[in-house]
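In what follows, a structure is listed as structure tokens, so that the remarks can point back to it.
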Amino acid sequence: QRLWRPLIGAWVTVLLLSMISLFIINREERRRNLTETKLRRSHDLLEEAVHERTQELVKTNQQLKEEIIRRDRAESMQKIFTRSASHSSEIIFITDTNGTYEYVNPCFERATGYTSAEAVGRPGDLLKSGVMEVGFYRDLWETITDKKTFSAVFVNRKKDGELIYMDEKITPLIDEE
């Protein structure tokens, strides 16, 4: 019995240490599994967020491409208009809604004596001769603000003071937006 006692004590000690080790290993394995699960969940959420953001960027990129195409077309049309207006034998000018010149073509420059740099930014009464009655200009503004074309013979004054008669047609450009 004396021989067995130390052996039983050692065996119980080994058994206890083994159980404690198994308990610790089991606990650490559960923690690791839980951490792996959380990591997988985080990974999946991140992957989903990356996918959603990628889709947003693809959509935005497509919108930007369409905007570039639209602007290229608009720029092309603007160049065509500018070339056409520059080579026209008719006076062409564009004003804002207050009558301030925004564009005048070379024919305007030749007919009035005002350069584009002198005319652009100036009010539409730049050529006003004082010969036309006030009611004439009231009719003009009422017609074009009603989005209709106004046609008449204007008596205008050139830069050098000479009076010129101009058969003009004023057509309002309507902003589609």
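Heavy atoms only: backbone and side chains are in, while hydrogens, waters and symmetry mates are out.
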*Verdict with reasoning, Y101 to F108, per ring-ring contact (aromatic ring centres under 6.0 Å, His included)*: CA-CA 12 Å; Y101 289 107; F108 176 97; 5.5 Å; yes
*Are any side-chain N or O atoms of E102 and backbone N or O atoms of I94, one a donor and one an acceptor, separated by less than 3.5 Å?*
no
*Given the rule in the side chain to side chain contact (heavy atoms under 4.5 Å, CB included) test, do E90 and C107 qualify, once you have shown the distances and angles that lead to the verdict?*
CA-CA 6 Å; E90 297 291 325; C107 189; 5.7 Å; no
*Summary of ring-ring contact (aromatic ring centres under 6.0 Å, His included) pairs that have at least one residue in residues 59-79, sequence neighbours excluded*: none
*Side chains of E168 and I91: closer than 4.5 Å at any heavy-atom pair?*
no
_Side chains of S42 and L46 in contact at under 4.5 Å (non-hydrogen atoms)_ = no
*Smallest separation among heavy atoms of M132 and V155, with atom names*: SD-N, 3.5 Å
Report, one line per pair, each donor and acceptor closer than 3.5 Å where one atom sits in a side chain of residues 14-28; sequence neighbours left out.
{"from": "S18", "atom 1": "OG", "to": "V14", "atom 2": "O", "distance (Å)": "2.8"}
{"from": "S21", "atom 1": "OG", "to": "L17", "atom 2": "O", "distance (Å)": "2.9"}
{"from": "E28", "atom 1": "OE2", "to": "R31", "atom 2": "NH1", "distance (Å)": "3.0"}

*Taking only residues at least two apart or on different chains, which pairs with a member in residues 43-82 satisfy ring-ring contact (aromatic ring centres under 6.0 Å, His included)?*
F81-Y103
*N/O donor-acceptor pair under 3.5 Å between D96 side chain and N98 backbone*: yes
_If the threshold is 4.0 Å, N to carboxylate O, is there a salt bridge linking E75 and R71?_
no
Compile the donor-acceptor pairs under 3.5 Å between side chains in residues 54-63 and protein atoms, sequence neighbours left out, one pair per line.
{"from": "T54", "atom 1": "OG1", "to": "V50", "atom 2": "O", "distance (Å)": "2.7"}
{"from": "E56", "atom 1": "OE1", "to": "R53", "atom 2": "NH1", "distance (Å)": "3.1"}
{"from": "T60", "atom 1": "OG1", "to": "E56", "atom 2": "O", "distance (Å)": "2.9"}
{"from": "Q62", "atom 1": "NE2", "to": "E66", "atom 2": "OE2", "distance (Å)": "3.3"}

_Apply the hydrophobic cluster definition, ILVMFWY joined by side-chain contacts under 4.5 Å directly or through others, and give me every member besides V120._
none
*F93 side chain near L126 side chain, heavy-atom distance below 4.5 Å*: no
Exercise answer: donor-acceptor pairs, residues 133-147 side-chain atoms, under 3.5 Å, sequence neighbours excluded:
{"from": "T143", "atom 1": "OG1", "to": "D139", "atom 2": "O", "distance (Å)": "2.7"}
{"from": "T145", "atom 1": "OG1", "to": "W141", "atom 2": "O", "distance (Å)": "2.6"}
{"from": "T145", "atom 1": "OG1", "to": "E142", "atom 2": "O", "distance (Å)": "3.2"}

